[in-house]
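Okay, here's the structure, questions in a sec.
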Amino acid sequence: MRKIINEEINDNLLSVSVFLLSINQFVSIPWFVKIQKICGYFGVAILLVLFIHKLVLEDTNKTRIIKSILLVLFLTSVIYSGRQFILVTFLLMMVIEKDNIDTTIKIVMYTSLFSILITVTNYTSFNGVSFENYENRTIFGREISVLKESLGYNHANKLFLNSFIPFASYLYLNFGIIKRYVHFIFVFLFLVLFFITFSRTGLICYLFSHFAYFFVDKKYSSSIMKFSFFTVVIFSFLLPMLYMRIDITILSKLNRALSDRIRYSADGINLTKLTAFGTNIDGLRSQQGYIVTVDNSFVLTLVSYGYVVFGIMMSIVSYVVAFTKNRKLLYFILIFGIYYFAESYFFSAIYNFSLLLIGVEFERIYNERKNI
């Protein structure tokens, strides 16, 4: 009886933590910033309590040693990098259980949707609904003026990305049972969102995700998804390295299409010294003086958190991708991998719930293979 009560308390604490961390990540209201930070601190504190509780009362001595070493490594990387989300991801992956994954993803879905609504409502209450933020973009060789509204977020792409999270969460929670008309509603909503934000990366990733959904159960889909994910990771580093060393027209065009993301990744690799526990790259400037923003998740994690933490995280993800037979899991790893080829959130469990699934699947596969 006591064990059941403890499990319920832990599940409730995890739900509160995920809710607070989601508020911290998805709300964008100027007067709410201090409250957001407090939400983030309390969310992490709860995760630490849950981590220690599990470490002391549930884990074996061998597991305690391994997890304690990992915690020290991740904390060290956080100190050197000045970034925190990888610690949140590590703690969530350590405390998540198979029985509370669906509840956790539901909380992310509803909280992200609620956060978007209150952010947009707050923005329109003060600024109205007149769309006036136009920017010039080159499309098929022609320069055109397009609408780029963020509706309260710091960038239009962030609005599109944040909207993708409840969509992906809904797909996961209702996988295989979604009515046809719901698919059409999503297509309509994301097309409207595109015309507001003109997030080309977001639209391409959304269309790919929605299209690929219908092929998950097809023959050879598992192998194709595994190959595609590893290709994304390899090209995250290969393209910037080629960009630094070889002048290729098609690569320059691809870089322009990706809004200089390949160039920024190349600068991130070239201008920072690769270290074991990372470097604070906030405010990093190129030799020409412009601020370098590394958007590719894999490059960013390597240069900011260092090769120790990057190696640990990629080893866990790669192990699961290589050995899992769960096509649904592979699908979500792939769609987040593709989206975060151009954004910095792959290793943030709040923005990428496939990491929670990976945490559970890693333990299952490891125990299964250990007994072979």
Side-chain angles (χ1 to χ4, degrees), residues 25 28 74 76-90 150 153-162 164 199-202 204-205 229-246 248 251-314 317-318 335-352 355:
Q25 290 295 303
S28 181
F74 276 80
T76 303
S77 185
V78 165
I79 293 170
Y80 276 91
S81 67
R83 297 169 181 263
Q84 297 81 35
F85 70 76
I86 202 79
L87 176 63
V88 174
T89 296
F90 167 73
S150 60
Y153 289 98
N154 60 359
H155 197 285
N157 290 349
K158 191 68 179 293
L159 172 61
F160 200 104
L161 170 60
N162 283 4
F164 182 80
S199 177
R200 293 167 294 177
T201 303
I204 291 170
C205 293
F229 174 75
F230 286 124
T231 300
V232 168
V233 177
I234 291 169
F235 271 76
S236 292
F237 296 97
L238 181 61
L239 291 179
M241 291 172 69
L242 290 175
Y243 186 87
M244 285 188 289
R245 292 168 173 80
I246 305 173
I248 304 176
L251 194 56
S252 297
K253 290 182 178 179
L254 179 60
N255 176 61
R256 286 197 297 272
L258 291 171
S259 301
D260 283 333
R261 285 182 172 91
I262 296 176
R263 175 163 64 93
Y264 286 145
S265 290
D267 286 337
I269 295 171
N270 190 43
L271 296 174
T272 58
K273 181 181 179 181
L274 186 60
T275 64
F277 294 104
T279 305
N280 190 331
I281 63 170
D282 291 340
L284 181 67
R285 288 185 177 274
S286 69
Q287 295 175 346
Q288 291 76 26
Y290 58 80
I291 295 177
V292 176
T293 304
V294 181
D295 285 323
N296 182 284
S297 292
F298 306 101
V299 174
L300 175 65
T301 304
L302 177 62
V303 299
S304 63
Y305 286 107
Y307 55 77
V308 172
V309 164
F310 176 78
I312 292 169
M313 292 301 298
M314 280 307 305
V317 174
S318 299
I335 66 171
F336 283 119
I338 289 175
Y339 204 139
Y340 297 148
F341 175 87
E343 299 290 349
S344 60
Y345 298 98
F346 183 84
F347 291 104
S348 170
I350 298 298
Y351 273 95
N352 177 8
L355 291 169

Step-by-step side-chain contact (heavy atoms from CB on, under 4.5 Å) determination, Thr201 to Asn157: CA-CA 8 Å; Thr201 303; Asn157 290 349; 5.6 Å; no
Test log, rule side-chain contact (heavy atoms from CB on, under 4.5 Å), inputs Leu300 and Arg83: CA-CA 11 Å; Leu300 175 65; Arg83 297 169 181 263; 3.9 Å; yes
Spatial distance of atom CD1 (Ile312) from atom CZ (Phe74) [nearest 0.5 Å]: 5.0 Å
Derivation and outcome, side-chain contact (heavy atoms from CB on, under 4.5 Å), residues Ser318 and Phe230: CA-CA 8 Å; Ser318 299; Phe230 286 124; 3.6 Å; yes
Minimum-distance pair of heavy atoms, taken over all atoms of Gly268 and Val294: CA-CG2, 3.9 Å
Minimum-distance pair of heavy atoms, taken over all atoms of Gly289 and Arg285: O-NH1, 2.5 Å
Closest approach of Asn280 to Gly82 (non-hydrogen atoms, all atoms of both residues): ND2-CA, 4.1 Å
Nearest-0.5 Å distance that lies between atom CG in Leu284 and atom CD1 in Ile291: 9.5 Å
Reference residue Tyr345; test ring pair (Phe, Tyr, Trp, His ring centres under 6.0 Å); the match among Tyr351, Phe298, Phe85, Tyr339: Tyr351
Distance in Å, Tyr80 OH paired with Thr279 OG1, rounded so as to fall on 0.5 Å steps: 10.0 Å
Euclidean distance, Ile281 CD1 relative to Leu271 CG, rounded to 0.5 Å: 10.0 Å
Heavy-atom pair of closest approach, residues Ser265 and Val299: O-CG1, 4.0 Å
Side-chain heavy-atom pair Phe347, Met314 within 4.5 angstrom cut-off: yes
Within 6.0 Å of CE in Met244, more than 12 heavy atoms from elsewhere: yes
Whether over 12 other heavy atoms sit under 6.0 Å from Phe277 CZ: yes
Selection residues 289-303 - residue pairs positive for side chain to side chain donor-acceptor pair (under 3.5 Å), sequence neighbours left out: Ser236-Asn296, Arg263-Tyr290, Asp267-Tyr290
Note, Phe336 side chain near Phe164 side chain (heavy atom, < 4.5 Å): yes
Ala156 to Ser150 - nearest heavy-atom pair and separation: N-CB, 3.6 Å
Pairwise distance CG(Leu302) to OG1(Thr275) - rounded to 0.5 angstrom: 9.0 Å
Nearest-0.5 Å distance that lies between atom CG in Leu242 and atom CG in Leu251: 6.5 Å
Derivation of the side-chain contact (heavy atoms from CB on, under 4.5 Å) call for Leu258 and Phe341: CA-CA 10 Å; Leu258 291 171; Phe341 175 87; 4.1 Å; yes
Atom of Arg200, atom of Ser259 and distance for their closest heavy-atom approach: NH2-OG, 3.3 Å
Validation row: Leu239, Asn255 side chains within 4.5 angstrom (heavy atoms): no
Exam field: side chain Ser81 to backbone Gly278, donor-acceptor pair closer than 3.5 Å: no
